[in-house]
Amino acid sequence: MKSAAFALSLFALLPCGAFAADDRSYSNVELGYINTEEPHNGFEPKGWKLSGSIEITPELHAFGSYAKQDLGTFDSPLTGRTGFDLGNTDNWRLGLGYRHALGERADLVARVAYERLDHDILNFGESLDGYSIEVGVRGTLSEHLESHASIGRQRFEPLSFWDAEPHTRNYLRVGLFWKFNQRWGLAGEAKCDDEHVREYFIGPRLSF
């Protein structure tokens with residue numbers, strides 16, 4: 001996670017400029033394409049993700065997301081069956097965030113969230129409950145460009161009945177947001193954890 005610490009340090013050193021912290025809206029909604037690479041099992045789920053947040057006070061905001069991804073199909077050499085459906089996975093996230101201004105160009109952001117994973121793989125269903133905590137920096141780079149970086153920890157209950165230990169991952173999340181105007185823009189984000197699972201998102205954002 002050294003790269004995460006380095007990225008956060010760069011954001012913390014951003015100089016003050018002409019952009020106010022209020023230009024970074026914490027009330028928005030996004031809908032876009034999501035792709036996950038899971039090298040340990042060979043899956044590469046693809047699908048869509050809906051996420052959003054709403055400002056409660058200048059310091060607090062609530063946020064949530066729902067992602068649905070299809071695991072794809074495979075051809076069985078044993079049965080000769082082609083296009084066998086591997087299943088799908090759903091991911092729910094609901095939490096509360098806190099922002100603290102580091103200056104006119106950057107905010108320190110801390111978040112805690114409840115998370116739920118619903119798997120339906122080869123007709124075997126499993127639901128996992130867990131939580132995540134993360135801290136990072138969101139900054140204004142130019143009139144039209146924002147960026148954010150955070151490090152986090154994700155913990156879920158045991159993956160299966162024979163696995164007695166909770167499943168924990170540390171991750172790095174980075175993203176960019178290009179503003180077309182005060183309401184519309186294009187968001188992109190990448191997340192990578194210490195098990196080399198990579199998640200990518202791109203889609204439009206509506207701020208309000």
Side-chain angles (χ1 to χ4, degrees), residues 1-8 11-12 24 26-41 43 45 47-57 59-69 88-100 107-119 121 126-139 146-160 163-177 187-203 205:
M1 306 300 289
K2 292 182 179 179
S3 57
F6 177 71
L8 294 179
F11 276 103
R24 294 182 292 278
Y26 286 80
S27 294
N28 56 67
V29 62
E30 299 174 350
L31 175 63
Y33 171 78
I34 185 172
N35 172 225
T36 305
E37 298 176 358
E38 303 180 8
H40 56 281
N41 57 28
F43 291 153
W48 58 273
K49 180 179 180 180
L50 173 66
S51 63
S53 68
I54 185 164
E55 187 174 297
I56 303 171
T57 71
E59 292 80 23
L60 295 177
H61 61 277
F63 64 93
S65 66
Y66 170 71
K68 187 174 186 65
Q69 298 183 79
N88 56 72
T89 179
D90 298 344
N91 189 340
W92 304 80
R93 191 168 184 242
L94 183 64
L96 191 66
Y98 170 79
R99 71 186 281 204
H100 173 73
D107 294 335
L108 175 69
V109 182
R111 284 181 159 187
V112 59
Y114 162 78
E115 301 206 22
R116 180 180 177 88
L117 287 174
D118 293 325
H119 295 296
I121 302 175
E126 186 175 37
S127 296
L128 304 173
D129 294 306
Y131 69 90
S132 63
I133 55 174
E134 64 181 43
V135 61
V137 177
R138 179 180 174 186
E146 289 184 14
S147 185
H148 65 268
S150 59
I151 53 175
R153 186 174 181 86
Q154 196 174 39
R155 183 181 178 93
F156 284 96
E157 62 187 7
L159 293 177
S160 303
D163 186 1
E165 295 297 325
H167 189 69
T168 302
R169 292 178 177 177
N170 300 310
Y171 62 84
L172 166 67
R173 188 193 304 274
V174 295
L176 292 171
F177 173 54
E189 186 176 82
K191 175 186 173 185
C192 181
D193 64 32
D194 52 10
E195 294 184 358
H196 306 292
V197 176
R198 296 176 175 87
E199 181 182 288
Y200 305 98
F201 169 85
I202 187 168
R205 177 190 294 177

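In this text, all values refer to a predicted model and were calculated from it rather than measured experimentally.
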Report the residues that fulfil side chain to side chain contact (heavy atoms under 4.5 Å, CB included) with D118, sequence neighbours left out, ordered by chain and then residue number.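 Expected list: D90, W92, R116, S127.
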Say whether, by atom type as modelled, one donor and one acceptor occur between the side chain of D107 and the main chain of V137 under 3.5 angstrom.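 No, because the side chain of D107 does not come within donor-acceptor range (under 3.5 Å) of the backbone of V137.
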Where [X] and [Y] come nearest, the two heavy atoms and their spacing:
{"X": "A190", "Y": "Y200", "result": "CB-CD2, 3.9 Å"}
{"X": "E55", "Y": "S27", "result": "N-OG, 2.9 Å"}
{"X": "G136", "Y": "L108", "result": "O-CD1, 3.4 Å"}
{"X": "F63", "Y": "G97", "result": "CE2-N, 3.9 Å"}
{"X": "Y171", "Y": "S132", "result": "OH-CB, 4.0 Å"}
{"X": "A67", "Y": "I34", "result": "CB-CD1, 4.2 Å"}

Applying side chain to side chain contact (heavy atoms under 4.5 Å, CB included), run through N170 and I151 and close with a yes or a no. CA-CA 8 Å; N170 300 310; I151 53 175; over 6 Å; no
Between H100 and Y98, what is the ring plane arrangement, given parallel below 30°, perpendicular above 60°, and tilted in between?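 Geometry flag for Y98 against H100: parallel rings.
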Check the angle between the aromatic planes of Y66 and W48 and answer parallel, tilted or perpendicular using the 30° and 60° thresholds.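 Perpendicular: the ring planes of Y66 and W48 meet at over 60°.
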Closer than 4.0 angstrom, basic N to acidic O: yes or no for E146 and R24?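 Judged by the 4.0 Å cut-off on N to carboxylate O distance, E146 and R24 do not form a salt bridge.
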NZ/NE/NH1/NH2 to OD/OE distance under 4.0 Å, E38 and R169: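 So E38 does not pair with R169 through a salt bridge.
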Tell me, do Q154 and K191 make a side-chain contact under 4.5 Å, heavy atoms counted?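 SC-SC contact between Q154 and K191 confirmed.
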If you define the side chain from C-beta out and look only at heavy atoms, does anything of K49 sit under 4.5 Å from E199?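 Yes, side chains in contact.
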Step by step, work out the salt bridge (Lys or Arg N to Asp or Glu O under 4.0 Å) result for E189 and R205. CA-CA 12 Å; E189 186 176 82; R205 177 190 294 177; over 6 Å; no
Atom pair [atom1]/[atom2] of [X] and [Y] - distance to nearest 0.5 Å:
{"X": "R138", "Y": "S147", "atom1": "CZ", "atom2": "OG", "answer": "10.5 Å"}
{"X": "D194", "Y": "T168", "atom1": "CG", "atom2": "OG1", "answer": "9.0 Å"}
{"X": "Y26", "Y": "I54", "atom1": "OH", "atom2": "CD1", "answer": "15.0 Å"}
{"X": "H119", "Y": "L117", "atom1": "NE2", "atom2": "CG", "answer": "4.5 Å"}

Listed partners of R153 passing salt bridge (Lys or Arg N to Asp or Glu O under 4.0 Å), at least two apart: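 With neighbours one apart ignored, the set is empty.
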By side chain to side chain donor-acceptor pair (under 3.5 Å) - contacts of S65 (at least two apart):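 Residues passing side chain to side chain donor-acceptor pair (under 3.5 Å) with S65: none at all.
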Ignoring hydrogens and geometry beyond distance, is a side-chain donor-acceptor pair present between R111 and H61 at under 3.5 Å?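 There is such a pair between these side chains.
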Check step by step if side chain to side chain contact (heavy atoms under 4.5 Å, CB included) holds for F177 and H148. CA-CA 9 Å; F177 173 54; H148 65 268; over 6 Å; no
CA sep, side-chain torsions, deciding dist, call: L50, V29, side chain to side chain contact (heavy atoms under 4.5 Å, CB included): CA-CA 8 Å; L50 173 66; V29 62; 3.9 Å; yes
